[in-house]
2 protein chains.
Amino acid sequence: MPQSIRPGERRVTITDVAKAANVSSATVSLALNGSPRISVETRQRVERCARALRYQPNHAAASLRTQVTRTIALAVPDIGNPVYIEIARTVQQIARQRAYHLHLISTESQPSEEVHALETLAQRSVDGLIMISLHGASALDASLREVAGPVVIIGHLQDVICDNVTVASAAGAALAIQHLWAVGCSALAFVNGPAGTWPSSEREKGVQNALRAADQTISPVLRAEEDFTTEGGHRAAQHLLAQGVCFDGLLCANDLMAIGAMRALRAHGLRIPEDVAVIGMDDIRECQFTTPPLSSVSLMAGERGRLAAQLLFDRLGGDSGTLPRQLTVSPVLMPRGSTTPRRTPAARDERGHL
Amino acid sequence: MPQSIRPGERRVTITDVAKAANVSSATVSLALNGSPRISVETRQRVERCARALRYQPNHAAASLRTQVTRTIALAVPDIGNPVYIEIARTVQQIARQRAYHLHLISTESQPSEEVHALETLAQRSVDGLIMISLHGASALDASLREVAGPVVIIGHLQDVICDNVTVASAAGAALAIQHLWAVGCSALAFVNGPAGTWPSSEREKGVQNALRAADQTISPVLRAEEDFTTEGGHRAAQHLLAQGVCFDGLLCANDLMAIGAMRALRAHGLRIPEDVAVIGMDDIRECQFTTPPLSSVSLMAGERGRLAAQLLFDRLGGDSGTLPRQLTVSPVLMPRGSTTPRRTPAARDERGHL
DNA sequence: TTGAAAGCGGTACCAT
DNA sequence: ATGGTACCGCTTTCAA
């Protein structure tokens, strides 16, 4: 007969439940885990006792024995960037579906923190890891080769030594440049992210490709390197303006920077899109709420998260033998108010940024 | 002599290190944990061997033995809301300082998920928990009373049965209303959040108080209940407009809603702040990047995170006997472009929202 | 200063 | 269908 005992200090264990239900601890374990080898009657009695005693299985004990934690980790470079939050939501959702916990880690893009994240795998804190890395994972290469469990990298990989999901961001940048031309821009500026990161060099490459592919004579493209934040974009645009650079179309390496840049441009008396058309990349939700709404190139964040989670759970599902797989998603142009075509293409000459 | 062995499948344990270093596993444990009772010489040898074998302590085993995980959890209602991210960053930072891991959980405001978060405590997955709850924790009351470890609630608590930090959001709402009057508004509208949540009822109360306290005759205050998202604010504003409601000042229950509302107002041909002054609450970073910049009432998110973490770590530091403490922070008005005073107060009569 | 051994709380094998 | 019991890998007495 189960009775509602309030135990003092000691935690209630499987043994307590066993005693209360007059069975062995082994039986309790089987019953609570829904083994078919236990009679319905016994299972129900055990369940009642467990509930009455408010039994909660000790996670550490179980995972020590089973070598499984039912937890995965997601390491992002910056928890303040909405695009990673987007990925986190998707991954979280899929993890929940599979009854896994999600450990969210913000690495602040520091390699030491990234290595630390990989170590949680070795320490058996988590069963698998999805990591978003901006360094082309080159710094992680060594750690990655000896890693102690399934890892999926979102981002670029020197060699494909583990599953990874990328986006054709060079193509995305080209898409953006072409769009700026299409809406009537002729003098383009390009605010890139920090040098040495893979996203930055890919975007650079995409811009170059677009220029080469264009029939028209090459318009001057200017660059300013800043970090991937709103403040970075703001500073970069101010810098461009201070140098007296003349442009009527601006591509920023991501939306956060574009939002910062728009603010700087407007503070400088420039109208968007009449004087300068602005486009970002990522297509974060905020794009819809700026004035004017910010055009962007979607880098399919949610989709990348979904694919990464899928790859990871494939591995966790036992598919550990097969070779690393690489998935690449294609960017999609999202034109909005910040790049609406000039009504009067001829009026372009009137522009000026003062 | 340590040698760089590449073990096959089996994980390398403390025993492997012990063998390699010709000591017992106990000694390895002591040495690696920096016990002073181990000779320097031995410690260094052990450390060399551990490194050579790439030994990583098994977290489950250690925490099973010590009953400590060095992990805390933070449960937020919605990971998509920047204000919770702000709190998460602060908590993360403090946790890192103390060499604790942070488990971030998004409850989507579902009581079942909140209870689940509490259970991770009982399961010994984490040592402590900070939870942001909108329900006034009344649904959690029962679970909270029997909780198996230190908990800090950010938000309202029916009875102060555990540490908690709140913000005087009623006072904040009053602050906002007074500000709208101060800048020359006379007909106010108020878009509140979902009914039944503590933040909503507090804001309502604050608005009422401000009205009562005002000498002037009471201006009509209108309300629309929506959820705490940009979309919610957008819908609410559209609704107000569609009903032909006349107002020149708008308070939204949070910034996300205010941003959505501004978009709807502008789409309706209204100028901000000339036709309608708009103010939100929370003071999220995005406020600075809207057009015009959104006035807000800071609810001190970062500060609340910091205090909560502090309370929690006090408990984890052994201070478990003392009574629950309750901390309340005061809101701060952050006036920006969306509520700049009318140049010509008389011109108010000209306003109209079509 | 170091080693032997007893757990921590489950799970899973092997009996019965 | 159930019970006995040997682990999982580490920490921590207690002895030597």
Side-chain angles (χ1 to χ4, degrees), chain A residues 7 9-47 49-50 53-71 119-125 127 148-149, chain B residues 7 9-47 49-50 53-70 119-125 127 148:
Chain A
E9 285 302 299
R10 218 174 54 66
R11 312 265 21 249
V12 18
T13 74
I14 205 172
T15 317
D16 300 320
V17 179
K19 266 181 216 142
N22 265 318
V23 291
S24 73
S25 64
T27 302
V28 174
S29 178
L30 294 190
L32 257 27
N33 290 310
S35 160
R37 329 182 326 196
I38 298 293
S39 72
V40 181
E41 191 192 337
T42 306
R43 160 158 51 257
Q44 291 180 343
R45 183 156 36 94
V46 168
E47 279 167 353
C49 292
L53 295 172
R54 303 203 186 297
Y55 166 72
Q56 292 280 10
N58 182 313
H59 182 251
S63 79
L64 172 58
R65 182 65 238 240
T66 60
Q67 305 285 31
V68 159
T69 63
R70 288 202 86 79
T71 301
E119 281 172 355
T120 64
L121 260 179
Q123 294 166 189
R124 291 285 184 262
S125 293
D127 297 341
Chain B
E9 283 305 297
R10 217 175 52 68
R11 312 267 17 251
V12 18
T13 74
I14 206 172
T15 317
D16 300 320
V17 179
K19 266 182 214 142
N22 264 320
V23 291
S24 74
S25 63
T27 302
V28 174
S29 176
L30 263 354
L32 258 26
N33 290 313
S35 162
R37 333 183 321 195
I38 298 291
S39 72
V40 182
E41 191 192 337
T42 307
R43 163 160 45 259
Q44 291 180 341
R45 184 155 38 92
V46 169
E47 279 168 353
C49 291
L53 294 172
R54 303 200 186 298
Y55 167 72
Q56 292 280 10
N58 182 313
H59 181 252
S63 80
L64 173 57
R65 183 63 234 243
T66 60
Q67 304 285 30
V68 159
T69 62
R70 289 201 84 80
E119 281 173 356
T120 65
L121 259 179
Q123 293 165 188
R124 291 285 185 261
S125 293
D127 297 340

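Predicted, not measured: the structure shown is a model, and the values here were computed from it. FYI, side chains are in, hydrogens and waters are out, and symmetry mates aren't considered; it's all heavy atoms of this structure. Proteins get letters first, then strands, A, B, ... in listed order; numbering begins at 1 in each.
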Sugar-phosphate only, base, or nothing, as touched by B:A26 at under 4.0 Å among non-hydrogen atoms: base
Closest heavy-atom pair and its distance - A:S24, A:A18: C-CB, 3.7 Å
Whole angstrom value for the distance that separates P of D:dT12 from CG of B:L64: 12 Å
From C:dC14, D:dT11, D:dG9, nucleotide with atom closest to A:R37 side chain: C:dC14
Protein-nucleotide distance (A:Q123, atom CD; D:dG9, atom P), rounded to Å: 15 Å
Of A:S39 and A:S25, the one whose closest DNA chain D nucleotide lies more 5': A:S39
Shortest side-chain distance from B:T13, nucleotide among C:dT2, D:dT11, D:dC10: D:dC10
Rounded interatomic separation in angstrom, taking CD from B:Q56 and C1' from D:dC10: 14 Å
Atom-to-atom span, CD1 of A:I14 to C1' of D:dG3 - whole angstrom: 13 Å
Closest contact, heavy atoms only, A:I14 versus A:Y55: N-CE1, 3.5 Å
Whole-Å gap separating C1' (C:dG10) and CG (B:N58): 14 Å
Between C:dT2 (P) and B:N33 (CG): distance, integer Å: 15 Å
Sugar-phosphate, base or nothing in reach of A:E41, heavy atoms under 4.0 Å: nothing
Nucleotide nearest A:T42 when distance is taken to its side chain, options C:dG3, D:dT2, D:dC8: D:dT2
Residue pair B:R37 / B:L30: nearest heavy atoms and the distance that separates them: NH2-CD2, 3.9 Å
Side chain of A:S24 - closest among D:dC10, D:dG4, C:dG10: D:dG4
Presence of B:S29 side-chain N/O under 4.0 Å of D:dT11 phosphate oxygens OP1/OP2: yes
Considering all heavy atoms, the nearest A:L53-A:A20 contact: CD1-CB, 4.0 Å
Smallest separation among heavy atoms of A:D16 and A:R11, with atom names: OD2-O, 3.7 Å
Rounded distance (Å) that lies between atom P of D:dC10 and atom CD of A:Q67: 10 Å
5'-most by nearest nucleotide on DNA chain C - B:A61 or B:N22: B:N22
Most 5' of B:R65 and B:I38 on DNA chain C, judged by nearest nucleotide: B:I38
Length of the NE2-C1' vector between B:H59 and D:dC8, whole Å: 15 Å
